[in-house]
Trainee: 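For reference, the structure I am asking about is given below.
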Amino acid sequence: MIRLGYACSNTQLPSAAGTCRLKNATEEAILNLSRRNLSALKQILLWNRQNGIGLYRISSETIPFGSHPVNRLPWRRLLKPEFSELGRLIRKFKLRVSMHPGQYTVLNSIRETVVAASIAELEYHAELLDALSPDAAHKIILHLGGAYGDKKSATERFIRNFEKLSPSAKKRLVIENDEKNYTVADALSAAREIRVPVVLDVFHHRCNPSLQKQGLLRILELVATTWQPQDGPQKIHYSDQKKGGPPGSHSDSIDAAGFKRFYRCIRHLPLDIMLEVKDKEQSVLKLYRRIPTLDLKNNQQHKFQAFCRTP
DNA sequence: CCGCGTCAAGTTCAT
DNA sequence: ATGAACTTGACGCGG
């Protein structure tokens, strides 16, 4: 059973990532923006449900300056009704959500201030997901970080700093291979040490390959061993190279023919596939048209519900 | 009112 | 040394 999802925004609906400039970041502005973002998030999740989309990445900007000292709001308490309603929605419709901190979250930095800010950012992500659901299948996906010319000691630093995270952040953390520094093999060896799952980014893997004796299916199997029952179904990321763009940049839309070839190889697996493209939900709908069995509206929901843990 | 330069934050790589 | 690119738009100032 395959499910598709998209990241952070819907091209047809109001943004759920409204923010403001630091100099305007009063508590009132932050609270208003947070309310607006949670309301927009609700509309997106409802839209997803109506359109048979069970997977979605929540924007890191949902609570503006979520981990920044300027934000001293007890936002989780103030917005408890909103979070409860969203949580009910997610449970009722068996939706799966995730988050993906941006490039400034570098848990293995050589600078202590950067590590501290990264831990704060990860704790913010964990707290937001906790406010929605205690289910550990709602993940925080992170890259290993910088290489600093010495991946071995950089990875050791990542592992040391991971140990400083709260239980909630730890149970949600997943590491992803990247297009420059850390291959799938690198991510797997780090993940085995700290017992977290790995998200295989198929496109990054093509840019920055490893385990070249193994086919993609065998690599998916290897990565699958890092996912435990409480982690939910294995997740992967899928995107295409932007034509004429710099290597590693994401295309505007998913190439349906290419995806169809990929799908034929993996359709027997229980995978949640996050598409990373500019046109967001449009690519999901396009693939639903090309591959109707993917459309959850055409599917018996209980099939994939069996793979979802109920909290 | 609109367009486009800028935005909290880090790291890497090209020029 | 400087700046673009990567997750990504959206803010909001200046004309």
Side-chain angles (χ1 to χ4, degrees), chain A residues 5-26 29-30 32-34 36-37 40-41 44 56-73 98-125 139-151 153-155 157-158 161 174-183 199 201 203-204 206-208 237-242 244-253 274-283:
Chain A
Y6 63 98
C8 300
S9 63
N10 180 301
T11 65
Q12 308 174 27
L13 295 174
S15 166
T19 185
C20 63
R21 295 291 120 96
L22 184 55
K23 63 177 179 176
N24 304 328
T26 62
I30 292 173
N32 287 337
L33 284 161
S34 300
R36 209 212 287 170
N37 289 340
L41 173 59
I44 291 173
Y56 179 68
R57 180 190 298 165
I58 295 175
S59 169
S60 297
E61 300 192 77
T62 302
I63 307 296
F65 301 96
S67 68
H68 190 283
V70 77
N71 184 347
R72 312 255 307 149
L73 276 181
S98 63
M99 298 186 76
H100 189 25
Q103 71 268 46
Y104 302 112
T105 305
V106 186
L107 190 56
N108 74 346
S109 176
I110 48 176
R111 295 162 53 194
E112 268 315 306
T113 54
V114 175
V115 173
S118 298
I119 290 174
E121 182 74 352
L122 289 167
E123 295 300 342
Y124 150 66
H125 282 72
K139 292 300 188 190
I140 300 168
I141 287 108
L142 186 68
H143 293 289
L144 278 159
Y148 308 92
D150 181 358
K151 279 204 283 188
S153 63
T155 302
R157 216 160 42 242
F158 183 94
N161 292 335
V174 172
I175 56 185
E176 179 189 359
N177 59 306
D178 66 69
E179 76 283 14
K180 282 204 175 73
N181 295 324
Y182 294 94
T183 62
V199 155
D201 187 307
F203 176 48
H204 289 164
R206 285 171 181 155
C207 303
N208 185 16
H237 290 177
Y238 186 97
S239 55
D240 292 317
Q241 171 65 45
K242 186 187 181 78
S249 57
H250 288 159
S251 61
D252 292 348
S253 188
M274 181 63 64
L275 305 181
E276 295 182 308
V277 275
K278 267 212 167 55
D279 71 355
K280 306 296 178 184
E281 84 289 349
Q282 295 301 318
S283 274

Trainee: Do the ring centers of A:Phe203 and A:Tyr238 come within less than 6.0 Å of each other?
Mentor: no
Trainee: Respond yes when some side-chain nitrogen or oxygen of A:Asn24 is under 4.0 Å from OP1 or OP2 of C:dG12, and no when none is.
Mentor: yes
Trainee: Would you write out the dot-bracket form of DNA chain C, 5' to 3', with Watson-Crick and G-U pairs under 3.5 Å, [ ] for crossing pairs, | for pairs to other strands and . for unpaired bases?
Mentor: ||||||..|||||||
Trainee: Under 4.0 Å: is that the gap between some side-chain N or O of A:His250 and OP1 or OP2 of C:dT7?
Mentor: yes
Trainee: Should A:Asn108 and A:Thr155 count as side-chain neighbours, where that means a heavy-atom distance under 4.5 Å?
Mentor: no
Trainee: Taking only side-chain N and O atoms of A:Thr19, does any of them lie within less than 4.0 angstrom of OP1 or OP2 on C:dC11?
Mentor: no
Trainee: How far, in whole Å, is C:dA4 from C:dT8 if one measures between their C1' atoms?
Mentor: 15 Å
Trainee: OP1 or OP2 of B:dG10 less than 4.0 angstrom from a side-chain nitrogen or oxygen of A:His143, does that happen here?
Mentor: no
Trainee: Using the P atom as the point on both nucleotides, what is the distance between C:dC13 and B:dA8, in whole Å?
Mentor: 12 Å
Trainee: Check the phosphate of B:dT11 against A:Ser109, side-chain N and O only, distance under 4.0 Å to OP1 or OP2. Yes or no?
Mentor: yes
Trainee: Does C:dT7 have OP1 or OP2 under 4.0 Å away from a side-chain N or O of A:Tyr104?
Mentor: no
Trainee: Would one find a side-chain N or O of A:Arg111 under 4.0 angstrom from OP1 or OP2 of B:dG10?
Mentor: yes
Trainee: For A:Phe65, is there any backbone N or O sitting under 3.5 Å from a side-chain donor or acceptor partner on A:Tyr124?
Mentor: no
Trainee: With a 4.0 Å cutoff (strictly under), does any side-chain N or O of A:Lys23 reach OP1 or OP2 of B:dC7?
Mentor: no
Trainee: Using atom C1' of each nucleotide, how far apart are B:dG5 and C:dG3 to the nearest Å?
Mentor: 15 Å
Trainee: Would you call the rings of A:His143 and A:His204 parallel, tilted or perpendicular, taking 30° and 60° as the class edges?
Mentor: tilted
